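Note that the structure is a prediction, hence the values are computed from the model and not measured.
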Amino acid sequence: MLMQRSMAKQKVPVPLPKRPEPPTLEEMIEDIKKTADDDIVFTLMGGPYSSPSTPLSSKTSGLMNDSYEEPSPGQPSVDTATDENDAYYEKAKKYMEKNEYLKKTSQKLTTQYAELENTGKQLAQSVEQLKNETAKIKH
């Protein structure tokens with residue numbers, strides 16, 4: 001009897017399944033680019049892609065008209081939250097544009113560096129040829 005109680009209290013650890021790897025920045029950017037303009041992410045808080053014909057807007061219009069109260073002094077208004085979201089959206093958009101610019105600039109610099117390296121090699125060969133020709137003329 002004593003043995004049965006002690007065995008019942010012992011829990012066998014169950015191994016947890018491996019968690020998936022978080023997405024890379026490139027995967028996140030690709031997902032954002034593939035997202036439709038009327039996606040809930042862009043329409044929830046009246047973002048730049050929202051319109052009155054959006055399904056979410058049509059389902060929720062007029063829900064708070066009768067019971068709306070001014071926010072208390074410590075709470076931001078919906079307009080303030082929308083403005084903040086717009087500001088965050090603009091920051092994210094600028095970040096993505098700058099990131100794309102930096103990628104293109106990096107590629108351009110790599111190409112220009114390779115061209116400069118080739119030009120330097122050609123210049124070194126030309127200088128060596130001139131030295132050889134000058135040495136032949138002197139002798």
Handout entry: Qualifying salt bridge (Lys or Arg N to Asp or Glu O under 4.0 Å) pairs, either residue in residues 120-133, two or more places apart
Key =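 Listed once each, the pairs would be none.
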Problem - Pairs touching residues 21-33 that satisfy salt bridge (Lys or Arg N to Asp or Glu O under 4.0 Å), sequence neighbours left out - result: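 Counting only pairs at least two positions apart or across chains, the salt bridge (Lys or Arg N to Asp or Glu O under 4.0 Å) contacts touching residues 21-33 are Glu30-Lys34.
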Just distance, no hydrogens or angles: give the donor-acceptor pairs under 3.5 Å from side chains in residues 91-111, sequence neighbours left out.
from, atom 1, to, atom 2, distance (Å)
Thr105, OG1, Tyr101, O, 2.8
Thr110, OG1, Ser106, O, 2.8
Thr111, OG1, Gln107, O, 3.0

Problem - Any residue meeting side chain to side chain contact (heavy atoms under 4.5 Å, CB included) with Leu130, in chain and number order, not counting sequence neighbours - result: none
Problem - Spacing of Leu123 atom CG and Asn118 atom CG [to the nearest 0.5 Å] - result: 12.5 Å
Handout entry: CD1 on Ile137 to CG on Asn132, rounded to 0.5 Å
Key = 11.5 Å
Handout entry: Heavy-atom side-chain proximity of Thr24 to Met28 below 4.5 angstrom
Key =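 In short, these two side chains do not touch, never coming nearer than 4.5 Å.
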